[in-house]
Protein chains: 4
Amino acid sequence: MTPEKPLTARQAAAEQTRRKLLEAALAEFSRRPYAEVTVSDIARAAGVAHGLVSHHFQGKQGAYVAAVAEVYEQLREAEEAEQPAAVPERIRARFRGFVTFLAAHPDLALNLVLIGGRDEAFAGLRSRNLRVLAGLLGLDPDRPAVAAALRSFADGAERLTADWLRDDRPFELPALVEAFCALLAGALRGAHELDPALDVTKALARL
Amino acid sequence: MTPEKPLTARQAAAEQTRRKLLEAALAEFSRRPYAEVTVSDIARAAGVAHGLVSHHFQGKQGAYVAAVAEVYEQLREAEEAEQPAAVPERIRARFRGFVTFLAAHPDLALNLVLIGGRDEAFAGLRSRNLRVLAGLLGLDPDRPAVAAALRSFADGAERLTADWLRDDRPFELPALVEAFCALLAGALRGAHELDPALDVTKALARL
Amino acid sequence: MTPEKPLTARQAAAEQTRRKLLEAALAEFSRRPYAEVTVSDIARAAGVAHGLVSHHFQGKQGAYVAAVAEVYEQLREAEEAEQPAAVPERIRARFRGFVTFLAAHPDLALNLVLIGGRDEAFAGLRSRNLRVLAGLLGLDPDRPAVAAALRSFADGAERLTADWLRDDRPFELPALVEAFCALLAGALRGAHELDPALDVTKALARL
Amino acid sequence: MTPEKPLTARQAAAEQTRRKLLEAALAEFSRRPYAEVTVSDIARAAGVAHGLVSHHFQGKQGAYVAAVAEVYEQLREAEEAEQPAAVPERIRARFRGFVTFLAAHPDLALNLVLIGGRDEAFAGLRSRNLRVLAGLLGLDPDRPAVAAALRSFADGAERLTADWLRDDRPFELPALVEAFCALLAGALRGAHELDPALDVTKALARL
DNA sequence: GATGAATGAGTCTTCATTCAT
DNA sequence: GATGAATGAAGACTCATTCAT
């Protein structure tokens, strides 16, 4: 799609400007709600003219979407960094990746993912993550009770992470990951309450 | 000095106008984010001049705060409507009250409480609710692991409720309440992971 | 015109309210420019409902005019308090009255009279005062050079008074009054420059 | 870093717009009090969008301050246009410059300088002018009696000018200047009344 | 590609005035 | 006569977007 290598110096410079803007947008949107970020804030943070935001992203909204997509990608990479063989360990590795990534970007964590996370732009990210998790657990992510349980788990886990970051990491990372698992187990048992026909014992066993 | 109830017809009329504005504000803020609601929207919805928003609430921000306080109070009342004797039943009654109230005000539920709920204005509401719950479970709400667990449960439960409303109530209310309990149990087990010195068996028994 | 004695208790009460408003208006307009005073400020200072300003003075502008007229009258009385026989002493008595009155009402002095004094509402006051002064000096106040000289003297003298008040009365009152006279003498000599046909020697002799 | 003169045509155009706005602001503020001038008035007079007032001057207040500073500078230049050798002639040249400048800008004269002149923004201008005058007279401008006398003279002279303009210049310019001098002499004699230790004979001789 | 001047729609807020009670 | 709720005009300011250079 995009040419693999910038052809001209000019294109390279343009691409660099785009990156600066993207990162500036990420930082700004991480710090306060969409409506409180101005295009000029972003441009100033990037050190370029504000007109460039429209130039590169077709407006403020576009910059926001691009920023969200960027987090999406970074977060996905973090979660897939380790790929142990055994399922329980794999799940824990994903949780570790998630927490570790957010710990490295606390502003982003507290606002874009954990708060802003409720908005549409993140639907894709969350849904995809939960499908992977369902896969690891051997559950059908399209089954309503499963989807509901996983989403409620996700919100609970994000809150846990947000508080953990806000309170300066009062617990050890492994304990936090185990708490994730306990919460997930509870969510799965809840799924069974919602849909008694759903067997969650195997899934629980994989935790 | 000032009597508790408006004495004159004019004061009553003013109070009624205030209520109309308050409800209009509640409705508008329930439908879209703060920044997308205009003062004129609220006044128009209430059928009065826009100047009255400032007159009664000292500006848009004041109207928002008043709206949040209003939900707070209504929700509190809904949760305390039933007061069965036994703890397990009492917890379930609160959950039922919560879900039922939000089911009756879906816009409000999906935006003000479940989304906007992340903002400062709701800190009091949430904190108070969770302290009550801790009390019912015999846990110390100030213990970090307990607080963390309860908050993560709360977010998970809210997500469950939001999805349930969004998807047109795909489960029965009692099943949903039991799923809440299962999620809460998971969260408590997670608290034990975070703080092994914490004994949650008694609390689990009360569920 | 106005009945000499209020007929009913109601009328007496109304008159009292009017006075409270008038004095409040005086105080407020003394403290900051017209545009920065609100009708509510005045009403609040008077301890009555803001609607009464329109009721008693037909609006903000009317309250301002009434306040100015009030100062006018008070100032006139102060200047005419003493009426010595000899002209030089009479002139000095007027100056003393002027300064003393303003010293007793510094806010009013610094804003309404000395600053606001430039606006139309004070035209009457100033013009009348200067006509009296011209009379004492045996000059025709309608002669352009005389009018110009007296007005320039008046502004200079007001500035002198304003500074004197602002700087906490750095000079003795009699010295200040003599300085007024010296300034007036200079102004009269200036009048002669403007209109060589004008004889000011007699006037100067009366100083 | 930044070159002293705009390099590009665009910067020149922007500067020109700024000038148009500045002059429009000057004209508007000259015609009526601050509170009665709207940002849109200024923009309309300049033939540009109202947003530019904030763009170039950071709001209405900023435009006002810039306008005042502009008058300040123009007036200073007018007063220093001629620099005769002898002191008496030099003083008269300054007076001529002052009157001539204001005669060329009557609106500005009657409102911004002679009326608005009482506000803070003009403190610098007046103070500086009077210090120059004190220097020419060989007086210490910081001595209270001197400062008071000069300020009272200044107000008197401004009134003289304002009336002269308002009445369509009923006297010849040289006569007006001599009247200034006579008024100044009176003010200096007044200074001696205020502070008998102050010797003003030399200063009077320089007039 | 980059700049930032220019535009103008959109908002909140203030406030004098009216008027029903 | 007094109250203060209600009205709505008016104004300052912000800011996303456009576009000439």
Side-chain angles (χ1 to χ4, degrees), chain A residues 8-18 35-43 48-56 58-63, chain B residues 8-18 21 35-43 48-56 58-61 63, chain C residues 8-18 35-43 48-56 58-63, chain D residues 8-18 21 35-43 48-56 58-61 63:
Chain A
T8 71
R10 204 176 191 189
Q11 284 172 332
E15 177 54 26
Q16 201 179 0
T17 300
R18 206 193 116 94
E36 286 175 31
V37 173
T38 71
V39 168
S40 291
D41 288 339
I42 298 172
V48 301
H50 65 261
L52 286 184
V53 172
S54 281
H55 193 285
H56 282 292
Q58 288 84 265
K60 180 181 176 182
Q61 187 71 35
Chain B
T8 72
R10 290 194 67 219
Q11 282 172 326
E15 179 54 27
Q16 203 180 0
T17 301
R18 207 194 115 96
L21 274 169
E36 284 175 32
V37 173
T38 73
V39 166
S40 292
D41 288 339
I42 298 172
V48 298
H50 66 264
L52 281 186
V53 172
S54 279
H55 190 275
H56 284 292
Q58 287 88 256
K60 181 182 177 182
Q61 186 74 34
Chain C
T8 70
R10 205 176 190 189
Q11 282 173 334
E15 177 55 26
Q16 203 181 359
T17 300
R18 206 193 117 95
E36 285 176 31
V37 172
T38 71
V39 167
S40 291
D41 288 338
I42 298 172
V48 300
H50 65 263
L52 286 183
V53 172
S54 281
H55 193 285
H56 282 292
Q58 286 85 271
K60 181 183 176 180
Q61 185 72 35
Chain D
T8 72
R10 288 193 70 220
Q11 283 172 326
E15 179 55 27
Q16 203 179 0
T17 300
R18 207 193 115 97
L21 275 169
E36 286 175 30
V37 173
T38 73
V39 167
S40 292
D41 288 338
I42 297 172
V48 299
H50 66 262
L52 280 186
V53 172
S54 279
H55 190 276
H56 282 293
Q58 286 88 254
K60 181 182 175 181
Q61 185 75 36

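Letters A, B, ... mirror the listed sequences (proteins, then strands); counts begin at 1. The analysis underlying the following values was restricted to heavy atoms, covering all of them including side chains, and did not include hydrogens, waters or symmetry mates.
- Closest to the side chain of D/H55, out of E/dA6, E/dG1, E/dT17, is E/dA6.
- Put simply, C/H56 has no side-chain N or O that comes within less than 4.0 Å of OP1 or OP2 on F/dG1.
- Across the interface with DNA chain E, nearest-nucleotide mapping of D/G51 and B/T38 shows D/G51 to be the residue nearer the 5′ end.
- In a base pair of the Watson-Crick type (N1 to N3 plus N6-O4 or O6-N4) or a G-U wobble (N1-O2 and O6-N3), with each distance short of 3.5 Å, F/dT21 is matched with E/dA2.
- Atom CD of B/Q11 and atom C1' of F/dA5 are 11 Å apart (whole Å).
- Taking atom CZ of residue D/R18 and atom C1' of nucleotide E/dG4, one finds them 16 Å apart after rounding to whole Å.
- Close to E/dC12, at under 4.0 Å from its OP1 or OP2, lies no side-chain N or O of B/S54.
- OP1 or OP2 of F/dA9 has not a single side-chain nitrogen or oxygen of B/H50 nearer than 4.0 Å.
- Side-chain N/O atoms of A/T17 include one lying less than 4.0 angstrom from OP1 or OP2 on E/dA2.
- Distance, B/E36 CD to E/dT11 P: 10 Å, rounded to whole Å.
- Residues A/V39 and A/I42 fail the side-chain proximity criterion, which asks for heavy atoms closer than 4.5 Å.
- Of the two residues contacting DNA chain E, namely A/A13 and B/V39, the nearest-nucleotide position lying further toward the 5' end is that of A/A13.
- Of all the heavy atoms in B/H50 and B/A43, the pair that sits closest is CA-CB, 3.4 Å.
- A/T17 and A/H56 get closest at one heavy-atom pair: CG2-NE2, 3.9 Å.
- Among the protein residues, A/G59 comes within range of the sugar-phosphate backbone only, with heavy atoms under 4.0 Å from sugar or phosphate atoms but none that close to a base.
- Distance from the side chain of D/A49 is smallest for E/dG8 among the nucleotides E/dT13, E/dG8, F/dA16.
- In this structure, the CG atom of D/L21 is 8 Å from the P atom of E/dA6, given to the nearest Å.
- Taking OG1 of D/T38 as the reference point, atom NZ of D/K60 lies at 7.0 Å (rounded to 0.5 Å).
- Atom NZ in A/K60 sits roughly 17 Å away from atom C1' in F/dT18 (whole-Å rounding).
- Separating the CG atom of A/L52 from the P atom of F/dT17 is a distance of 14 Å, rounded to the nearest angstrom.
- Following rounding to the nearest Å, A/E15 (CD) and E/dA2 (P) show an atom-to-atom distance of 10 Å.
- One can place CD of D/Q58 at 16 Å from P of F/dA12, the figure rounded to the nearest angstrom.
- Among the protein residues, A/V48 comes within range of the sugar-phosphate backbone only, with heavy atoms under 4.0 Å from sugar or phosphate atoms but none that close to a base.
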